[in-house]
Structures are given as C-alpha cells and as structure tokens.
There are 2 protein chains.
Amino acid sequence: MPKKKVSIKEIASAAGVSSALVSMVLNGKAKQYGIGEEATQRVLRIAREMNYQPNIMARGLRSGKSHLVGLVVADIANPFFAKLAREIEKQASEHGYTVIYGSSDDNSRRLNSFMQTLVNQGVDGIIAIPCEDTIKIAAELQEQKFPLVLVDRDYTDMEISSVLLDNEQAGRQITDYLITAGYRHIAFVAYSGDLSHIHGRLLGYQKAMQAHGLAEKVYRFNKDESRESIRAFLSSIRSGDETVDALIFANNTLTIEGLYMIRETCLRVPEDVALFGFDGGNAFDLFTPPVSYVRQPITEMGRQAFQLLMKQLEATEPLPAEKVVLQSSFVYTASSKSRSERK
Amino acid sequence: MPKKKVSIKEIASAAGVSSALVSMVLNGKAKQYGIGEEATQRVLRIAREMNYQPNIMARGLRSGKSHLVGLVVADIANPFFAKLAREIEKQASEHGYTVIYGSSDDNSRRLNSFMQTLVNQGVDGIIAIPCEDTIKIAAELQEQKFPLVLVDRDYTDMEISSVLLDNEQAGRQITDYLITAGYRHIAFVAYSGDLSHIHGRLLGYQKAMQAHGLAEKVYRFNKDESRESIRAFLSSIRSGDETVDALIFANNTLTIEGLYMIRETCLRVPEDVALFGFDGGNAFDLFTPPVSYVRQPITEMGRQAFQLLMKQLEATEPLPAEKVVLQSSFVYTASSKSRSERK
DNA sequence: AAGATAAGCTAAATCGTTTCAGAAGGCAAT
DNA sequence: ATTGCCTTCTGAAACGATTTAGCTTATCTT
C-alpha cells in the first residue's frame, strides 16, 4: 500500500491548509481546537487517499514517547519465559505498544547492558526478569522514576513494582502433599545461586519439613556441571548411599535435566523416588510416568505485569510501587502417587 | 548513571564549541572533518563526564534509520521459533541492532498487520516466518526495496531473500531410512494447509515411496480438531482397520500431539508403529522410547537470516534476492529401529 | 605584499510532528 | 465606528542530531 512516505506537509498542501491543522485533525483533536467540519473531512479524506502513516521518529522526538516497551527475560527459549513473552506481547499490542525483547541468560552484566540499550533506544518502560545483581540498574531506573516492572523474582528491599508467585506457599504445599502421601526422605534440588523465587520455594519446603519434624535434605548444584552432579546424586540414591524417596526439582530446566538423568540411572518413578517439578510442559506429560508439577499462572502474570507497567506509563506523577502475588495450582500425577496406593 | 538527559548542545556549551563539532567528534569523524586534537579530547572528556547518551529518535529522524529490526515468528512459544529468535537476537545485538518481535499464529491477517506496524515503527528491515498469504505484503515491501528476509518457508515465485531447509531432501531421507529399516506401510501425517515447508517434506516422502513402488499414505488433519482426528486415526491403526507400520509427523507440534495420542491409545513404539518427527526437543528424548527426528540447523538458520538482512541493510543499491538452502541432520533412535533388529 | 591553500571551526538547514500564541475575518453590542 | 468576542485557522518554535556550505585565521607561495 505505502507507495512513498507521505508527510503531513504534503497532505497540508494537497488540502490547502496548514500542516498544523492536519496534525490536529489526524490526532482527533479537531473539535478540541475548533476546526471546521468541512476542513476536517477534507483532510481525513486526503490522508486516507494518500495512505498517510505517521513518522514514529518525528513523533517520538517531539513527544518524548516511543510507544515501545522493553522486555528482558532470562531465556526466550525457556517455555516459561516464551509464554510470558507471548502474553506481554499480546497485551502490549492491544494497548498500542510494541515490544523489544532480549535474553539475559541470568547474567547480570548482560542484563544491565541490555537494559541500558533499551533505555537508549527510548523505550517508555521495561518489564524484566531480574537476576542476582539487577539491583544496581533497577535502583537507578527507579530513582529516575523510569517505569519498571519486575516479574518472577523479588527484591524485597526495593520499592519496585513486581509480579510474583507465592513461591513459599508453592514449596510448602507440594512438600506437605508428599509428606501426606507417605514420603519421609524428601530432597529439595536446586541450582546454586541466590534467586529469590528459588529461595521462596526452598523456604516453603523447609517449613513443611520442620512442621513434621523431618530432616531437611537440600541439594544445590552448579549450573555448569549440573548433569554430572545430578547423575552422581541419583546414582547414590539408587545404590542406597543416599536415603531419598522423593525429589522436588526447584524449576523447570532443572526438572528436565533430572528426568534425563533419572532415565539414565534407571531409577523407577515413583517406586524408587517420587517426583515433583515446576512449570509442566510436554516433556513432563510425556515422561513415563507423567510428572507432577506446580503450575504457574503465566498468562495472569503477563497480564498483571503489563497492567502495572501501563499504570506507570500513564501516571503523571510518580506512583508507589505495587507488588502482586499470585497463587499457583498443582497437577498431581503418577510420579507422586501415595505410597499406600502404589503397593 | 544517567542523572538527566544530556543533549549535544549542553556538551557544546560546556566545552565552549558548537554542537556541530560535538556531533562530529562523538561520531568518531573528528579526523575526517579536521577537528583539532585538543578540542576532540575536551569534548570526549566532557561527554563522558556528563554521561551523554544519544537520543535515538532525533538521530533516527535525521538519518531515516532506527537500528531496529522486526522479527515475526509463527509462535514464540514454539521451541523452534524461540531458538531461532534467540539466535537472531544475538546476531542483531552483535551488530548494533535491536529486535522487535511478534507472533503471527500463522494467521495472515495478524501477520500483515504486524508487518505494517513494524514498518510504521520505523524498523530498518524485517525477518519473517511467512504463512500462506504473506505474499501480498511481502510483495509490496519487496517492490519498495524494503529489506526483508523470509525464513523456514518459501514462495518460489517471489524474488525474496530466504533461508530454507532442504525439506524435500529431509522428507526423502527419513522415508528412505524407514523403508530400508523394513517398513512398508509408512504414513505421512501433517496439518492441512498449504505451507511450503510441509509441502517439501511431503514431496520427499512421495518420491521415496514411489521410487520403491510403495503406496503413499498421506493424512492431513485440521489444526483445530487435530487431537480428535489423530486419536481416531491411531485407534484405527491399533484395531487394524488402517494398515500402517510407521508414522512420519511433519512438524514438531504435530509430533507432540501425536505422542500424547500414542500414549493414550496405548500403541507400542516401534512394535506397532515406528515414529519419525521433526525438530526434536526434551519431549522427544524423554518419551519412551525416544523419538527419531530431523534436526534443523536452527542456529545456522538464524545466523544466515540476519546475514542476508544485513546485506540488504548495508547495500546502497537494490540487491538481487538470495536463497540459502540448508541441509538437515538426523537423529535415529529406538522409535525407528529396523524391523529385523527388534525381532 | 597579494593571493592561494589549508586547518579548524560554526551557522543554519533539515528530518516530521506537535502545540502555543496569535492572526484574520465575521458579527454583535455599545 | 469602535470595541469585544467568537470561530477558524496559521506561523513558527521546539524536539536533538547530522551535515553542508562557508567563515575565520594562519601559513605558505611567488
């Protein structure tokens, strides 16, 4: 359709009016500025005929707004973030915004530099999955009242709008469930590092174990060598060196790695160990037996995140930070069948 | 760091020079314009001290370039596209570009409107996964010499730069493999619709079957009701109403759906049917038995796509379209074990 | 000493849009 | 006729960066 780029000036001269008038009409401010009915119609008609498309750069320069929002996830190839991104993109487009995205790999250097890039690119606001050292740049942005929303992970000490899962509750609930199902030697497995959501899940697990007077078994593996560590760990379960009858994997990628290693070490589920993971997905469902998991309300998280951002974008004065905490649901399958049932 | 937004003018007055000079220095064109060493250093120092960040909008308005590229995939939540997006994002950032993305759901209306949005947003170029009716807008853009690269699917009649898989070869190769492994009643299963990559895979399948004088068995299911159709289809294989001893699923989402239904109908793999899918993934590996698949060189596709786009972005004159065709590799697992082996 | 050349810098235009201050014309009231 | 007041519209500035054309000096040439 767009033959050549048509500017407001060309429309103005074609319609025999000033470019100011054209701008006003095209922005729907005809009445507000008291433009005559006849001129209004003429301009609208001509603009349509010439297929006018506003120049975003010029508009942005003038207004200081770009209608772009930045999205920084840990890894777009992780289904959890992909789904989140999908929802945010949808919300954005419904509200006239476009999304610029990038993956940080939970590397704070990359995250910082990408955030900086986004700001330079002139985005109006940012939604980010923070990682351990996001604090620095987040604090800076926050201080400048730059619209910012954090998702999935929290920094309780900072007054930044966030959308979070009630991770402690989730951790507690699945641990309680496993205990009720008759398991006593429940291990909590996570990557090492200090990500708040993992911390919350761990806390829930610990409280549940303590409440029942059971010994905590927490295993944390370095991400770089997780395969080997997990394999060794599972082997020692199989050999009986470690007394563990149930495993809680603290996030989705770790669960997947765990499944690979479980298959490799020929551990039987749930006969040798029961399983609980996070986030679900095809691999969870198609594993034999299907894997129980905590389901996060991803769509809702995306919706809320964009909502919070919009509030800030539209606010004329600085807004107080707002933290939204969502509850998870649970999918109980054969991988965590109760001990009595399976005998 | 950025206390307030600093403009080139403020630097100019702080340094006691004109804003033109500052612009030249900051763009590294000091020598080119014959700026004195002393002035150059002073400006650089002050710019650093004031933490100058160029205003992209202003620069874009002047230059007509945004250093933004648009990426339209079918669905970012599909691992294939997510990985592709990841690579493109990486390439882009290495070359000073930022990516705006969106999902089309293979819906041509959405794709068209999003492409239009991208153009309006002032992206310098677009990488897109086209769907059936992308032709219209692609042709328009092409005609205007707008930088555009299509990935994964082809429209042979259009002169548009593309990165493609040799789908016919892939289809042929896995069919040949299954035939050699002793299967004779090989079914090709795909969604209905006319997507070129599926067509290529089908063609390869057909040629292989013909070459061996075997009867083709092509099944195409409507995406909306695929679960039910596949279930019915698999049931009739199980009951013996359909004589099929091997299944080729034409893409990844369909393969996954197939796996769910295979489990549901309790078909044994490969005793009842052998399996071959596309793209791989955790679910493929963790299924029992692991599923054989065609592995696409996703990283390479992303790299090449960005490369082709860059060429167009940097070219001063219109470039001839270029089509890159990549070869796939294969992962042979228990799901397609040869008949003799498994007896 | 006059003109040429070069080095180092600046004024101003430009990109397309928005918006403010106010102009022009018509009309009514004084 | 003057003033005031609408209604409808326009000129011009502003946003920030880039670039062209050209202005000063100083130096060199003859």
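In this text the structure is predicted, and so the values were computed from the model without any measurement.
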Can a donor-acceptor pair be found, under 3.5 Å and without considering hydrogens, that links the side chain of A:Ser104 to the backbone of A:Arg110?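 No.
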
How close or far is atom P of C:dT19 from atom CG of A:Leu26, stated in whole angstroms?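 Value for this atom pair: 13 Å.
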
Please state how far atom NZ in A:Lys65 lies from atom C1' in C:dG16, giving the value in whole angstrom units.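 Whole-Å distance recorded here is 19 Å.
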
What I'd like to find out is whether the side chain of B:Ile11 reaches to under 4.5 Å of the side chain of B:Val6, using heavy atoms alone.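 Yes, at least one pair of side-chain atoms sits under 4.5 Å.
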
Any idea how A:Tyr97 and A:His67 line up, ring-wise: parallel (<30°), tilted (30 to 60°), or perpendicular (>60°)?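 Judged by the thresholds at 30° and 60°, the geometry between A:Tyr97 and A:His67 is parallel.
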
N/O donor to acceptor pairs below 3.5 angstrom from side-chain atoms of residues 71-84 of chain B, sequence neighbours left out:
residue: B:Asp75; atom: OD1; partner: A:Arg86; partner atom: NE; Å: 2.7
residue: B:Asp75; atom: OD1; partner: B:Ala77; partner atom: N; Å: 2.9
residue: B:Asn78; atom: OD1; partner: B:Phe80; partner atom: N; Å: 2.9
residue: B:Asn78; atom: OD1; partner: B:Asn252; partner atom: ND2; Å: 2.9
residue: B:Asn78; atom: ND2; partner: B:Asn252; partner atom: OD1; Å: 3.3

Need one value for B:Lys31: base, sugar-phosphate or nothing, where a base atom within 4.0 Å counts as base even if backbone is also close, heavy atoms only.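 Nothing, no nucleic acid heavy atom in range.
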
Would you say CD of A:Glu38 has more than 12 non-hydrogen atoms from neighbouring residues, nucleotides or ligands within 6.0 angstrom?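 No, the 6.0 Å shell around CD holds no more than 12 heavy atoms from other groups.
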
Please encode protein proximity along nucleotides 7-17 of chain D as a string of B, S and -, counting only heavy-atom distances under 4.0 Å. -BSBB--BBBB

